[in-house]
Student: 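Before anything else, here's the structure in question.
Treat the numbers as computed from the prediction; the structure is a model and nothing was measured. Order of the sequence lines fixes the chain letters, A, B, ..., with proteins taken first and strands second; residue numbering starts at 1 for each chain.
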Amino acid sequence: MKLSNYFLPVLKETPADAEIVSHKYMLRAGMISQSSSGIYSWLPLGLKVLKKIENIVREEQDAAGVNEILMPTIQPADIWKESGRYDDYGKEMLRINDRQGREMLYGPTNEEQVTDIFRRAVKSYKELPSHLYHIQWKFRDELRPRFGVMRGREFLMKDAYSFDLDMDSSRTSYNKFFVCYLKTFERLGLKAIPMAADTGPIGGDMSHEFVIISETGESDIYYDKRILELMNVDKNLDYSSDLSEIVVSYQNLYAAADDKYSKDEFSKEVPKEFQSNTKGIEVGHIFNFSSKYSEPMKANVLNSNGKTVPVHMGSYGIGISRLVGAIIESSHDDNGIIWPDAVTPFAIGLINLKIKDPEAVSMCEQIYQTLNKAGIETLYDDKDDSPGAKFSRMDLIGLPKQIIFGKNSVIDKTIEIKDRKTGQTEIINISETISKINNN
RNA sequence: CGGGGCGUAGCGCAGUCUGGUAGCGCACCUGGUUUGGGACCAGGGGGUCGCAAGUUCGAAUCUUGCCGCCCCGACCA
């Protein structure tokens, strides 16, 4: 993509409305544009990152054997009345009447909708376990939206649902998603700690929040530092194998958010030198709720004895739009964003400092074409701005590698490759560009 | 929803207390000079001062009502 043709409204100054760093940088880097409180438009750069994250999440769900579906944003009130949540959910749910006066709502989550889909289709234990997910916009009319996309009212979420015959098998499903989440967050370049979370009325140990460490997080977290060393899931993991060992290895180390934290347990279970107390951002939440929805909604199957039983369900969420902010929170410096390779909108930022020199322009054009042909996503700064403006803009938008075509490039046939994170530069021959980039 | 703050050009702000018909920096447009860390000179365009009503000869400024946005708290992917 050429910058001259890219809709990238960068801001030199921080808009007064933004408080935390990810919100500031997302606005300054032209990633989002606010529509109203907690509701944003996604501009090209932001959308590209959002899609990258979405795709990684999707690939990992697919790899775990979860079926992708797409449920509507607008749901009928009837199914929520069946589950009993229509009255319970309160003002967070945006309620709408259609022209016939029918009660509808903008979905804040999809347990009812997916249960309805399941019960129409599945009647036998032989079809179980069954795992479905979708990636769809949700709306929750938050009391207080804030921090840009971190707590928006409209947000993109991946939510998955598991259906099992009994609690045992339900735990296997739970473990699968647990490990899948570890793998997903690792791919995104994040250390997301699974933490024991409140299970509500069901009880047990079957609810975990995945939290990344960040000073701007909204949750207080307490954990055993050794848990960070565990994070290294096999990329070619076999999901049909027994995953409980992996799950237990995490559960054996203390990690809890403030709602579940107990001072006594923490100091008893964790040696002083491993104790850590920081702020964190919740980016995923998994839980098992047994037959909470299947019972009232009559999502039943026949078991092997021919007896009708309600299915055991679990749900598994990842806040995709929130992750955009969360990744920035955990990867930035004073000059701007530093994208992890996995989610960067472009792999390379090509800066032409000699835009008035026709020879430089044609050489840069060639480098740009070569990168494109090699499948390396490149943002080519072909604009006629001063060097300082180009450098600071490229730093702000945070592409991990910059190629600088400067004063000696035309004569020496060399370019500079700069690492955004370390700031280190290396001068190489133009002919080596592709091999150099591919080796990094 | 309780507490606090803000709304003036695309962005950041001054002007409001003490009423007299709107200004600064950046950005933008034109011309010229520049070009390795947000260049310089000259000229220029752009504002229903959030909306409405009221007070007044006169309102960005005073009064009342409404709307929007942000921050702190309780709730949450």
Student: Among B:G38, B:U35, B:A77, which nucleotide has an atom closest to any side-chain atom of A:D384?
Tutor: B:U35
Student: Using a cut-off of 4.0 Å on non-hydrogen atoms, how would the nucleic acid contact of A:I320 be classed: base, sugar-phosphate, or nothing?
Tutor: nothing
Student: Quick one: label A:K418 by what it contacts on the DNA or RNA (base, sugar-phosphate, nothing), any heavy atom closer than 4.0 Å.
Tutor: base
Student: To the side chain of A:P15, which of B:A77, B:C11, B:A74 is closest?
Tutor: B:C11
Student: Across the strands shown, which category fits A:R28 at heavy-atom distances under 4.0 angstrom: base, sugar-phosphate, nothing?
Tutor: base
Student: Checking all strands, does A:G148 fall into the base, sugar-phosphate, or nothing category for heavy-atom contacts under 4.0 angstrom?
Tutor: nothing
Student: With a 3.5 Å cut-off and heavy atoms only, can you find an N or O donor on one side and an acceptor on the other between the side chain of A:K356 and the base of B:U34?
Tutor: yes
Student: What is the nucleic acid contact for A:G406, judged by heavy atoms within less than 4.0 Å: base, sugar-phosphate only, or nothing?
Tutor: base
Student: If we take the P atom in both B:G4 and B:A42, what is their distance in whole Å?
Tutor: 48 Å
Student: Would you measure the distance from the C1' atom in B:C75 across to the matching atom in B:A9 and give it in whole Å?
Tutor: 39 Å
Student: Does A:K81 count as lying over the ring of A:Y86, i.e. NZ or CZ under 6.0 Å from the six-ring centre, within 45 degrees of the axis?
Tutor: yes
Student: Return the 5'-most residue of the pair A:S321, A:N408 with respect to RNA chain B, ranking by each residue's nearest nucleotide.
Tutor: A:N408
Student: Ignoring hydrogens and angles, does a donor from either the side chain of A:D395 or the base of B:G37 sit under 3.5 Å from an acceptor on the other?
Tutor: yes
Student: Need one value for A:F147: base, sugar-phosphate or nothing, where a base atom within 4.0 Å counts as base even if backbone is also close, heavy atoms only.
Tutor: sugar-phosphate
Student: Only pairs with both distances under 3.5 Å count, Watson-Crick or wobble alike; so what is the partner of B:G65 in this structure?
Tutor: B:C51
Student: Is the A:Y368 ring parallel, tilted or perpendicular to the A:Y380 ring (thresholds 30°, 60°)?
Tutor: tilted
Student: Is B:C26 paired to anything, Watson-Crick or G-U wobble with both distances less than 3.5 Å, and if yes, which nucleotide?
Tutor: B:G10
Student: Between B:C69, B:G36, B:A77, spot the one nearest the side chain of A:S36, thanks.
Tutor: B:C69
Student: Go nucleotide by nucleotide along RNA chain B from the 5' end; which of A:S392 and A:G319 gets its closest nucleotide reached first?
Tutor: A:S392
Student: Does a nitrogen or oxygen in the side chain of A:S37 sit under 4.0 Å from OP1 or OP2 of B:C70?
Tutor: yes
Student: At under 4.0 Å, does any side-chain N or O of A:S386 touch on OP1 or OP2 of B:A39?
Tutor: yes
Student: Choose from B:G36, B:G73, B:G38 the nucleotide whose nearest atom is closest to any side-chain atom of A:A389.
Tutor: B:G38
Student: Kindly assign one of parallel, tilted or perpendicular to the pair A:Y181 and A:F177, based on the angle between their ring planes and the thresholds 30° and 60°.
Tutor: perpendicular
Student: Tell me if the CD atom of A:E215 is crowded by more than 12 foreign heavy atoms within 6.0 Å.
Tutor: no
Student: Specify the separation, in whole Å, of atom CD of A:E142 and atom C1' of B:A74.
Tutor: 12 Å
Student: For A:T109, answer base if it contacts any base atom (sugar-phosphate contacts may also be present), sugar-phosphate if it contacts only those atoms, and nothing otherwise; contact means non-hydrogen atoms under 4.0 Å.
Tutor: nothing
Student: Is the distance from OP1 or OP2 of B:G68 to the nearest side-chain N or O of A:Q34 less than 4.0 Å?
Tutor: no
